[in-house]
Amino acid sequence: METPLATTPDSTDSSPSAAAAAASPPAGAATVVRVGPLMPQLERGLIDEFDAPVISADASELTEATQRELAQVRVAVTSGRYGVSEALMEKLPALEAIVHFGVGYDTTDTAAARARGIAVSNTPDVLNDCVADTAVALLLDTYRRFSASDRFVRAGEWPSGNYPLTTRFTGTRVGVVGLGRIGSAIAKRLTGFDCPISYHNRREVPGSPFRHVDSLLELARSSDALVVAAAGGPDSQQLISAEVLEALGPDGVLVNISRGSVVDEAALIAALDGGVIKAAGLDVFADEPNVPEALIALDNVVLFPHLASGTRETRDDMRQLVVDNVRSWLADGALVTPVRF
Ligand code: 8YV
């Protein structure tokens, strides 16, 4: 259910008062706007509390009449799927804050936001555990082939012979690409599997018990599995290149729970197909929700539909943090969880 924007003024009425009304925003115009469809419970809350209409993330779809009604919007609420582009910021002249549902905010043009003095928030920490759980699930699934074995039983193949042997996961050397909040939660879990953990960050994490590796290529060479937990965005674009996959080697496994953009997807498909690496577990893709047919056709990859944070508990915590950020901005001009950029 969407809150409809006020109706367009009658374009056939050319009286001066109609022109004045068309030039100024209508009374009761929106202060908060939803950019792109969001989780239904969050949408309901934003409609009930702020009467927030929904608009397309594609600025070219906004009519002039809609723009007039958006002239007083101070806060835009969005998610990693949509974000706020520079073109959309231009159409929201009173915009002060962009509030993201999700820890990743790479779909928002932060350089443009900074230039305009627009604040940005995200929902950090509340999703660490569920995303880390998912990374471990993908590791276990790629090594032990649990999803594939489920398909084997359902296909009635068991009576024809036992399921092929798989590869032990416990003790695997794991390289974490991006030891931030989520990367650390993954590493912590993997110590329970006796996995020696190394990581690659631009800078060493002070006090970390894990081995810092300066070069990503060196991390790939010295790891059995690489787990990508680096934030998306221009700095991490296609960080996992053909060269990195080659360094990981024919027994190597790649798991990605961050953003599809961090991996060169074409290089990954070629590597999986050609035995350059052994297997992959992916929760994220370059063009969601579209997963390349070439990946779907491969048997050595586990595919999840970007579900890492998708539990009722975590999504509700994320929803609450979004609402807290909007309330706090409107009341005090401060965000609860601002992004420092
Ligand atoms: C969400 C995510 O699925 O937090 C993120 O960055 O990618 C996920 O937790 C996503 O933000 C919802 O659109």
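Whatever order the structure lists ligands and atoms in, that order sets their numbers, starting from 1.
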Where does E288 meet ligand 1, judged by heavy-atom distances below 4.0 Å: at the side chain, the backbone, both, or neither? neither

May I ask you to identify the nearest protein heavy atom to atom 4 (O) of ligand 1, giving residue, atom name and distance to one decimal place in Å? V103 N, 2.7 Å

Quick check against the 3.5 Å criterion: does T107 have a side-chain atom that pairs as donor or acceptor with the backbone of G80? yes

Test ring pair (Phe, Tyr, Trp, His ring centres under 6.0 Å) applied to F341 - qualifying residues, sequence neighbours left out: none

Looking at atom 3 (O) of ligand 1, what's its closest protein heavy atom, distance included? R315 NH2, 3.0 Å

Report the part of M318 (side chain from C-beta onward, or backbone N, CA, C, O) that has a heavy atom under 4.0 Å from ligand 1; answer both or neither where that applies. side chain

Tell me whether ligand 1 is touched by R259 - counting only heavy atoms on the residue side and a distance under 4.0 Å. yes

Step-by-step side chain to side chain contact (heavy atoms under 4.5 Å, CB included) determination, I55 to V73: CA-CA 12 Å; I55 60 169; V73 166; over 6 Å; no

State the atoms of ligand 1, each with its element, that fall below the 4.0 Å cut-off from a heavy-atom position in S309. 1 (C), 3 (O), 8 (C), 9 (O)

Please report which non-hydrogen protein atom sits nearest to atom 10 (C) of ligand 1, along with the residue it belongs to and the distance in Å to one decimal place. F101 O, 4.3 Å

How about CD on E243, more than 12 heavy atoms from neighbouring residues, nucleotides or ligands closer than 6.0 Å, or not? no

Determine whether more than 12 heavy atoms belonging to other residues, nucleotides or ligands lie under 6.0 Å from atom CG of L165. no

Ligand 1 atoms nearer than 4.0 angstrom to some heavy atom of G104 are 4 (O), 5 (C), 6 (O)

Crowding at CZ, R144 (>12 non-hydrogen neighbours, <6.0 Å): no

Whether N201 side chain and L179 backbone form a donor-acceptor pair below 3.5 Å: yes

Please list, in number order, the atoms of ligand 1 under 4.0 Å from a heavy atom of L127. 4 (O), 9 (O)

Using salt bridge (Lys or Arg N to Asp or Glu O under 4.0 Å) as the criterion, list what pairs up with R114, not counting sequence neighbours. none

Enumerate the atoms of ligand 1 whose separation from the nearest heavy atom of S79 is less than 4.0 angstrom. 13 (O)

closest protein heavy atom to atom 2 (C) of ligand 1 is H306 NE2, 3.5 Å

